[in-house]
Number of protein chains: 2
Amino acid sequence: MSALVTILDDEPAIREMLSDALAEAGFRTMSFGRATEFEAALRRTTPDVCLVDLGLPDRDGLTLVHRLALEQGATVIIISGRAQVQDRVTGLELGADDYIIKPFDPAEVVARIRARLRGRTRSAPSDTARFNGWTAHFDRYALEDETGTETTFSHAEGEVLRLFLESPKRLITRAHMQESLGGAAGESFDRAMDVRISRLRTKLREDPKTPRLIKTIYGAGYIFLGDVSWS
Amino acid sequence: MSALVTILDDEPAIREMLSDALAEAGFRTMSFGRATEFEAALRRTTPDVCLVDLGLPDRDGLTLVHRLALEQGATVIIISGRAQVQDRVTGLELGADDYIIKPFDPAEVVARIRARLRGRTRSAPSDTARFNGWTAHFDRYALEDETGTETTFSHAEGEVLRLFLESPKRLITRAHMQESLGGAAGESFDRAMDVRISRLRTKLREDPKTPRLIKTIYGAGYIFLGDVSWS
DNA sequence: GGCGGCCTGTAGGAATTCGTTACATTTGGG
DNA sequence: CCCAAATGTAACGAATTCCTACAGGCCGCC
């Protein structure tokens, strides 16, 4: 599945230029002219990379970047006409992953997006993860207690657990989850996901009232708390 | 443990400028003027980030970048005087994580290194705020008492609380709040905000008669009193 | 083939979140 | 002091999510 890149810029010409170049490079794209539209879309899906113009009419761009990058853990590339070094430094320190100055060449934007996507999967694929006293062995579908007791989990449960462990402390939208789990565009596949998560919560011995590891964000998705280390 | 950054550049002045700036920023540094020295050092240590100048006397820089980035999995930032778009694109496509053009500002180099190190852990850093005996844990949606007792708050309540904590002791107009909370269309969204604040006040155990933290400014908006410190 | 067990999606009711409505209360101007 | 506008809050209801069955499918075993 190709990566999803969002474009947030108030100038239609720039949106079009970017989305053409990105589509030709093989990315899926979504364009927005206003921050509010963009934020509405974020409730339904999780982009792999967000291109954000700082000069927005309806919102302070830097605040948006901060929330995207630090609160939600998204990958953010700022595209801005402000070329001062100080602008770039503050943008990057607020959590942006890259900073591109207008006017730009679409080819460079594509190359920088690819660099960000590449860095994500560089770590060697491994199939055991430790988190908060638990150890998940994906090779033998077993979940190990802190006392060493093992419970097995099914393939479907493992898919959900892996998704959570690969993006801890980040919001995972239902749409993104549905896409990652190969969920056909089923109309009521939501319920199936609910059940998968419910069963996973049971195996993790979560208290339904106060979940410590898998937290529900009403109307948005889920977030996995817990400090994960792969090996 | 601070991160290790290597500098590979044939000009001593640039090496010194970079290593000074990086040391001041809290990194450990190692400088090299020739690729062969650098490669010898690589056999003994693994740097977190490698700064590489392309114009080296004893080796083709791009080949070195390619080997570093793709075969060894290192994080590479190219620093080059070659400013053409095509140079940047090929450098990034050969595996570099970033490309900085000479002349550069050391502050931007530091910011870009930090961005690379930050991107390594996909989990969002914990953001918590302390104020007047309370501790708000936005990552797990919990509000902690001065005695350590925790209450959870919902997503909507968290949005309001975050807005207050980001601008303490400043007037927050209803219009600004409405815009920040995404409520775009609703004309009678005012009531919704009132209710959100009411529920938040209940969780903060505010006495309705004498609010200590969230003060209402009749006809204008709200002010959050209290000394906030983020971490 | 038939039986039983495990996995997994579907269904429907319970529980939660949160905006809306309705009404009480407060504020500030005349 | 009176009134209209602004604000607080309880109660309701729509949307969303959780959970307990239940059914179909797949596999192994007799």
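Here is how names work: the chains are called A, B, and so on, in the same order as the sequence lines, proteins then strands, and each is numbered from 1.
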In this structure, how many angstroms lie between the [atom2] atom of [N] and the [atom1] atom of [X], rounded?
X        : N      : atom1 : atom2 : result
A:Leu200 : D:dC19 : CG    : P     : 12 Å
B:Leu161 : C:dC18 : CG    : P     : 14 Å
B:Met193 : C:dT20 : CE    : P     : 12 Å
B:Ile197 : D:dT7  : CD1   : C1'   : 10 Å
B:Asp190 : D:dT9  : CG    : P     : 16 Å
B:His155 : D:dT16 : NE2   : C1'   : 14 Å
A:Arg191 : D:dC19 : CZ    : C1'   : 11 Å
B:Asp194 : D:dA5  : CG    : C1'   : 13 Å

Practice prompt. Decide salt bridge (charged side-chain N to carboxylate O under 4.0 Å, His left out) for A:Asp145 and A:Arg205; before the verdict, give the C-alpha distance in whole Å, the side-chain angles of both, and the deciding distance to 0.1 Å.
Written response: CA-CA 10 Å; A:Asp145 206 342; A:Arg205 307 201 200 108; 3.0 Å; yes
Worksheet item: Does the side-chain contact (heavy atoms from CB on, under 4.5 Å) test come out yes or no for A:Trp134 and A:Leu213, once each step is laid out?
Response: CA-CA 11 Å; A:Trp134 294 94; A:Leu213 289 172; 4.2 Å; yes
Nucleotide nearest [X] (side chain, heavy atoms from C-beta), chosen from [options]:
X        : options                : value
B:Ala156 : C:dC18, C:dT20, C:dG12 : C:dC18
A:Val195 : D:dT9, D:dT20, C:dT17  : D:dT20
B:Tyr218 : D:dT9, D:dA6, D:dC18   : D:dA6
A:Pro208 : D:dC18, C:dT8, D:dC19  : D:dC19
B:Arg201 : D:dG8, C:dT16, C:dT20  : D:dG8

Worksheet item: Is the B:Phe138-B:Trp230 ring centre distance short of 6.0 angstrom?
Response: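 Yes, close enough.
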Has [X] got a side-chain N or O lying under 4.0 Å from the OP1 or OP2 atom of [N]?
X        : N      : result
A:Arg174 : D:dT17 : yes
A:Lys209 : C:dA15 : no
B:Tyr222 : D:dG8  : yes
A:Thr216 : D:dC18 : yes
B:Ser154 : C:dC18 : yes
A:Arg196 : C:dG9  : yes

Do [X] and [Y] have side chains that get closer than 4.5 Å, going by heavy atoms?
X        : Y        : answer
A:Leu161 : A:Glu157 : no
A:Ile14  : A:Asp53  : no
A:Leu22  : A:Leu51  : yes

Worksheet item: Is a side-chain donor or acceptor of A:Thr173 paired with a backbone partner of A:His176 at a separation under 3.5 angstrom?
Response: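 Yes: the side chain of A:Thr173 pairs with the backbone of A:His176.
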Worksheet entry | Donor-acceptor pair under 3.5 Å, A:Arg199 side chain vs C:dG9 base | yes
Worksheet item: Could A:Asp207 and A:Arg201 be called an ion pair, given the rule that one side-chain N must be under 4.0 Å from one carboxylate O?
Response: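 So A:Asp207 does not pair with A:Arg201 through a salt bridge.
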Worksheet entry | Nucleotide pairing, DNA chain C (Watson-Crick or G-U, distances under 3.5 Å), in dot-bracket with [ ] and | | ||||||||||||||||||||||||||||||
